[in-house]
Chemist: 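After the structure tokens below, expect a handful of questions from me.
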Amino acid sequence: MTISIIMLLLLTNCGSGNSEIVLHTQEGIDNLNKLLENEFDLEKEITSLSISNQNSYSPKVDQISIFFTEDNMKDMWFYSITTSKLHKPEPKEKSDYQPKSLKIKDLNTAKILANYKEAVAMITNTTDEFANFYLNGYNIQVNQDSDIIEHSFNVFTEKTKNGVSYYGKRLVENKFKFSFGTDKSGKLICTDGLDVF
């Protein structure tokens with residue numbers, strides 16, 4: 001009995017080192033912020049942040065990438081949740097200028113959850129055919145022409161009713177994708193999936 005309890009505690013403690021990130025929850029955003037703070041330099045100037053899921057069937061994040069230019073080279077680092085490691089590949093592409101950027105600490109990660117909720121509302125206010133929504137991929141980048149911080153992402157969902165749908169892009173069986181982004185004024189718009197008429 002004692003051995004079973006010890007093993008359970010060990011397994012629980014081992015699993016707690018890698019906090020799960022599911023972007024459409026407040027806990028997921030909190031865990032994202034902790035990871036950015038622990039694994040990256042929050043003062044680092046970046047041109048974009050890219051978040052990728054494990055696969056199209058999972059709401060769980062697997063990789064977080066930052067893009068930046070340093071020493072006249074375009075660079076990209078990524079943290080893999082699967083390996084619990086920050087990877088820093090050697091940069092291969094030169095840059096003739098220093099692009100506009102922002103510090104990691106100045107990323108408005110709270111906007112991720114707000115944009116997700118607004119996107120789901122846009123879908124459900126248009127059609128009642130879908131349920132079980134989640135974010136699959138999210139990008140934040142500095143527009144090089146205007147300094148505007150742009151957000152773009154996909155919402156994956158399941159179709160709950162039989163028959164053809166005029167909305168979304170079918171991925172497999174009853175799973176559909178809607179794409180969203182922010183315009184020049186920062187307003188959220190659907191870039192693919194709702195504009196069928």
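Predicted model, so just to flag it, every value in this text is computed and none were measured.
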Chemist: Calculate, to the nearest 0.5 Å, the distance between atoms CE and CD belonging to M73 and E93 respectively.
Modeler: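 CD of E93 is found 8.5 Å from CE of M73.
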Chemist: Examine distances only and state if a side-chain atom of S95 and a backbone atom of K74 form a donor-acceptor pair shorter than 3.5 Å.
Modeler: no
Chemist: Go through the side-chain N and O atoms of D30 and Q26 and say whether any donor and acceptor fall under 3.5 Å apart.
Modeler: yes
Chemist: Between OG of S165 and CG of N174, what distance do you get to the nearest 0.5 Å?
Modeler: 11.5 Å
Chemist: Is the NZ atom of K60 crowded by more than 12 outside heavy atoms at less than 6.0 Å?
Modeler: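 No, NZ of K60 has 12 or fewer neighbouring heavy atoms, counting only those of other groups under 6.0 Å.
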Chemist: Quick check: is V61 connected to M76 through a chain of hydrophobic side chains (ILVMFWY, heavy atoms under 4.5 Å apart)?
Modeler: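 No: no chain of side-chain contacts under 4.5 Å links M76 to V61.
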Chemist: Is it the case that over 12 heavy atoms from other parts of the model lie below 6.0 angstrom from the CG atom of D183?
Modeler: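 Yes.
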Chemist: Is it possible for you to say whether I104 and Y79 belong to one hydrophobic cluster, with membership spreading through side-chain heavy-atom contacts below 4.5 Å?
Modeler: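 Yes: a chain of side-chain contacts under 4.5 Å links I104 to Y79.
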Chemist: So how far is it from I140 CD1 to T47 OG1, rounded to the nearest 0.5 Å?
Modeler: 12.5 Å
Chemist: Would you say that more than 12 heavy atoms from the other residues, nucleotides or ligands in this model lie under 6.0 Å from the CD of E27, or not?
Modeler: no
Chemist: Main chain of G137, side chain of N53: is a donor-acceptor contact present, judged purely on distance under 3.5 Å?
Modeler: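 Yes: the side chain of N53 pairs with the backbone of G137.
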Chemist: Kindly work out whether a path of hydrophobic side-chain contacts (I/L/V/M/F/W/Y, heavy atoms less than 4.5 Å apart) joins I149 to L135.
Modeler: yes
Chemist: Can you confirm whether K111 is buried at NZ, in the sense that more than 12 heavy atoms of other residues, nucleotides or ligands lie under 6.0 Å from that atom?
Modeler: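 Result for NZ/K111: open.
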Chemist: What's the verdict on side-chain contact (heavy atoms from CB on, under 4.5 Å) for L35 and I81, showing C-alpha distance, side-chain angles and the deciding distance?
Modeler: CA-CA 10 Å; L35 188 148; I81 292 175; 4.2 Å; yes
Chemist: Might you point out which heavy atoms bring Y134 and K175 nearest each other, and give the distance in Å?
Modeler: OH-NZ, 3.3 Å
Chemist: With ring pair (Phe, Tyr, Trp, His ring centres under 6.0 Å) as the test, pick out the partner of W77 among F68, F67, F40.
Modeler: F68
Chemist: Any idea which heavy atoms bring V164 and K159 closest together, and the distance?
Modeler: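 Closest approach of V164 to K159, heavy atoms only: C-CE, 4.1 Å.
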Chemist: Please step through side chain to side chain donor-acceptor pair (under 3.5 Å) for the pair S52 and Q63, ending with a clear verdict.
Modeler: CA-CA 5 Å; S52 305; Q63 184 171 302; 5.1 Å; no
Chemist: State whether the side chain of Q98 and the backbone N or O of T69 hold a donor-acceptor pair below 3.5 Å, judged by distance alone.
Modeler: yes
Chemist: Do any N or O atoms from the side chain of T160 and from the backbone of E129 form a donor-acceptor pair under 3.5 angstrom?
Modeler: yes
Chemist: Would you check if N154 and S179 make a side-chain contact, meaning some heavy-atom pair closer than 4.5 Å?
Modeler: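 Contact flag for N154/S179 side chains = yes.
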Chemist: Checking the side chain of Q144 only, and the main-chain atoms of V142 only, is there a donor and an acceptor separated by less than 3.5 Å?
Modeler: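 Yes; at least one donor-acceptor contact below 3.5 Å.
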Chemist: Considering non-hydrogen atoms only, spot the tightest contact between N136 and S58 and give its length.
Modeler: ND2-O, 3.7 Å
Chemist: Could you go through F153 and L23, starting from their C-alpha distance and side-chain angles, then the distance that decides it, and tell me whether this counts as side-chain contact (heavy atoms from CB on, under 4.5 Å)?
Modeler: CA-CA 11 Å; F153 58 93; L23 288 178; over 6 Å; no
Chemist: So does E173 have more than 12 non-hydrogen atoms from other groups sitting under 6.0 Å from CD?
Modeler: no
Chemist: Determine, using the 4.5 Å side-chain heavy-atom cutoff (strictly less than), whether Y138 and I123 are members of one ILVMFWY cluster.
Modeler: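 Y138 clusters together with I123.
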Chemist: Is K161 salt-bridged to D128, cutoff N-O under 4.0 Å?
Modeler: yes
Chemist: For L188 and M122: C-alpha separation, side-chain torsions, deciding distance, then whether side-chain contact (heavy atoms from CB on, under 4.5 Å) applies.
Modeler: CA-CA 10 Å; L188 186 67; M122 289 169 70; 4.2 Å; yes
Chemist: Counting only N and O atoms by type, is there a donor-acceptor contact under 3.5 Å from the side chain of N55 to the main-chain atoms of Y57?
Modeler: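 It does hold such a pair.
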Chemist: Should the pair F78 and H87 be assigned to parallel (<30°), tilted (30 to 60°) or perpendicular (>60°) ring geometry?
Modeler: parallel
Chemist: Please report whether the ring centroid of Y167 lies less than 6.0 Å from that of F130.
Modeler: no
Chemist: Has D71 got more than 12 heavy atoms of other residues, nucleotides or ligands less than 6.0 Å from its CG?
Modeler: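 No - once you tally the heavy atoms of other residues, nucleotides and ligands closer than 6.0 Å, there are 12 at most.
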Chemist: Using 0.5 Å steps for rounding, measure from the CZ atom of F180 to the CD1 atom of I189.
Modeler: 10.0 Å
Chemist: Rounded to the nearest 0.5 Å, what separation is found between the CG atom of D147 and the NZ atom of K100?
Modeler: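 Here the rounded value is 4.0 Å.
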Chemist: So S146 and K184, do their side chains get closer than 4.5 Å, heavy atoms only?
Modeler: no
Chemist: Taking I112 as the starting point, is it possible to reach Y116 by hopping between hydrophobic residues whose side chains are less than 4.5 Å apart?
Modeler: yes
Chemist: Taking atom OG1 of T109 and atom CG of L49, what is their separation to the nearest 0.5 Å?
Modeler: 9.5 Å
